[in-house]
Amino acid sequence: MIIRLPTVRRLCAVTALAGGALLARGADTPSGAPIQPKSGDFVFSLLPKSLQRNPDLEMTVNTEFTDYGRLLRRVTPQQPMYYMTYAIGYRQLGEAVGGEHSPPPAQLEQALRQSLAKNGFLPATREHAPSLVIFYFWGSHNRMDREMEAQFPELAAKYRLERAMLVGGHHEVDTMARVMQFGENLTDLTPQYEYLRDQIVDDLYYVVASAYDFTALTHKERKLVWRTTMTVNAQGVSMKETLTPLIATAAPYFGRETSDPVIAERRISRWGVIMGEPRVVEGPQPARAPQEAGGAASASPKQAAPTPAPHK
């Protein structure tokens, strides 16, 4: 059996991150009490994911707010905000590949609505006019093979930065651009960085949801409020079986700013069943609203069309 180097690095990174999470739980455990990991924690299979009955999905979720978005009130289930959705549809980015099959759009719409509702975002009705329009699209972003990368290094670099945007937003783009120009330094080599790097250099399935101010759009003005990008490693799994669990895993982070990309794993069944709750391996809790957080903020997304990467 051949295990690709990024897979080995990812395994080491997840093991280190999971160990850190276990130690963190141990700090809150009374002295002498045994630590009982959750079912499925820290269990790895050497079988390729394509042959596993219940593969673990390796995911990232990242939400960025604009300066304008930080001025708006915090949305909660007790104080909801209403929205309309607009499906841009399936987009294959990066290197073109064949054999991909998108989930039914209605299935993704339902998953998105269920996840948005958990944080108080509800579909507009006759009684409740929309405050937001949420544009969303999904697809894959595939890397070039090594021969093509050697022949077209500028295009390969462009694709890598596009995947960095999907994985971690503007902060991860800046980090990857620096590494591509100057190389990695010792302070970079943390388990979280290595996990994110491996996610960026590999093939991805993704979903992007961008919330725009409804009133501004009616005046032909685009005011981006927040954008959530979700990715899942595409090795050994299909788009049909991964995008719905990916959207469900991202539910706590819609409309909640993350200071760093959230790394999560979720086990699925090949029979289309989502098995249990996602396990956040490492990552921040969703940020509080700006009026509560005292102005702590990360880099803002640009006020642009609701796509982080140009369509090829």
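All values derive from a computational prediction rather than experimental measurement.
Under the 3.5 Å distance criterion, with hydrogens and angles disregarded, no donor-acceptor pair is assigned to the side chains of T66 and W226. Neither side chain, Q199 nor E58, offers a donor N or O lying under 3.5 Å from an acceptor on the other. Of the N and O atoms on the side chains of Y193 and E184, at least one donor lies less than 3.5 Å from an acceptor on the other residue.
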- Applying side chain to side chain contact (heavy atoms under 4.5 Å, CB included), run through L246 and L57 and close with a yes or a no. CA-CA 8 Å; L246 177 61; L57 305 181; over 6 Å; no
- Query: Step by step, would you call Y68 with V225 a side chain to side chain contact (heavy atoms under 4.5 Å, CB included)?
  - Reply: CA-CA 6 Å; Y68 172 72; V225 178; 4.0 Å; yes
- Starting from the C-alpha separation in whole Å, work towards a yes-or-no answer on side chain to side chain contact (heavy atoms under 4.5 Å, CB included) for M59 and I263. CA-CA 6 Å; M59 305 173 174; I263 296 171; over 6 Å; no
- Message: Between Y212 and E221, does the side chain to side chain contact (heavy atoms under 4.5 Å, CB included) criterion hold? Intermediate values first, please.
- Response: CA-CA 10 Å; Y212 284 78; E221 181 183 0; over 6 Å; no
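Separation of atoms OG1 (T85) and CG (L112) is listed at 7.0 Å; rounding is to 0.5 Å. Residue N62 holds its CG atom at 8.0 Å from OG1 of T228, rounded to the nearest 0.5 Å. To the nearest 0.5 Å, the span separating CD on E265 from CG on N233 amounts to 10.5 Å. Atom CD of Q79 and atom CZ of R74 lie 10.5 Å apart (nearest 0.5 Å). Note that CG of L166 and CG of L93 are 7.0 Å apart. Values are rounded to the nearest 0.5 Å. The distance from the OH atom of Y136 to the CH2 atom of W138 is 5.5 Å, given to the nearest 0.5 Å.
Checking side-chain atoms of R163 against main-chain N and O of I200 turns up a donor-acceptor pair under 3.5 Å. Panel note: side chain E64, backbone H170; a donor-acceptor pair is recorded below 3.5 Å. With N142 contributing its side chain and G94 its backbone, the two residues share no donor-acceptor pair below 3.5 Å. Between the side chain of T125 and the backbone N or O of E127 there is at least one donor-acceptor pair closer than 3.5 Å. Of the possible donor and acceptor atoms, none in the side chain of Q92 sits under 3.5 Å from a partner among the backbone N and O of G139. Put simply, the side chain of S115 gets close to the backbone of I247: a donor and an acceptor are under 3.5 Å apart. With hydrogens and angles disregarded, a donor-acceptor distance shorter than 3.5 Å links the side chain of T258 to the backbone of T63. With hydrogens and angles ignored, the 3.5 Å screen pairs a side-chain donor or acceptor of E241 with a backbone N or O of S238. For D188 (side chain) and N185 (main-chain N/O), a donor-acceptor pair under 3.5 Å exists by modelled atom type. When atom types are taken as modelled, the side chain of D213 and the backbone of K223 share no donor-acceptor pair closer than 3.5 angstrom.
Two residues are said to be in side-chain contact when any heavy atoms from C-beta on lie closer than 4.5 Å; L224 and S210 meet this criterion. Within the 4.5 Å cutoff, the side chain of M230 has heavy atoms near those of the F254 side chain. At a threshold of 4.5 Å between non-hydrogen side-chain atoms, the residues S140 and R91 do not count as touching. Side-chain contact between V207 and L243: present, with at least one pair of heavy atoms (C-beta onward) separated by less than 4.5 Å. Side-chain atoms of V232 and L204, non-hydrogen and from C-beta on, never get closer than 4.5 Å to each other. Within the 4.5 Å cutoff, the side chain of Y159 has heavy atoms near those of the E162 side chain. Between N119 and Y253, the closest side-chain pair of non-hydrogen atoms is not below 4.5 Å. Here the side chains of M81 and L132 are in contact, with some heavy-atom distance below 4.5 Å.
The number of heavy-atom neighbours closer than 6.0 Å to NZ of K49, taken from other residues, nucleotides and ligands shown, is above 12. Other residues, nucleotides and ligands contribute at most 12 non-hydrogen atoms within 6.0 Å of the CE atom of M84. Counting heavy atoms of neighbouring residues, nucleotides and ligands inside a 6.0 Å radius, atom OH of Y82 exceeds 12 of them. Within a 6.0 Å sphere centred on CD of Q151, other residues, nucleotides and ligands contribute more than 12 heavy atoms.
The aromatic ring centroids of F121 and Y83 lie 6.0 Å or more from each other. Ring pair H141/Y206: centre-to-centre distance not below 6.0 Å. For Y90 and F137, the ring centers are positioned 6.0 Å apart or more.
Residue Y86 is grouped with residue F214 when hydrophobic side chains (ILVMFWY) are merged at heavy-atom distances under 4.5 angstrom, including chains of intermediate members. Both I88 and V133 are assigned to one and the same hydrophobic cluster, defined by single-linkage of ILVMFWY side chains at heavy-atom distances under 4.5 Å. There is no path of hydrophobic side-chain contacts, each under 4.5 Å, that joins F182 to M176.
Minimum heavy-atom separation, Q107 to K240: NE2-O, 4.3 Å. Summarising the geometry of Q235 relative to D202, their closest heavy-atom pair is NE2-OD1, 3.0 Å, with the distance given to 0.1 Å. Across all their heavy atoms, T60 and V167 have their closest contact at OG1-O, 3.7 Å. Across R143 and E95, no two heavy atoms sit closer than the pair O-CB, 3.4 Å. Residues T249 and A264 approach most closely at CG2-CB, 3.9 Å, considering heavy atoms. The shortest non-hydrogen separation linking F65 to G255 is CZ-O, 3.5 Å.
Taking the charged nitrogens against the carboxylate oxygens, R113 and E109 do have a contact shorter than 4.0 Å, which makes a salt bridge.
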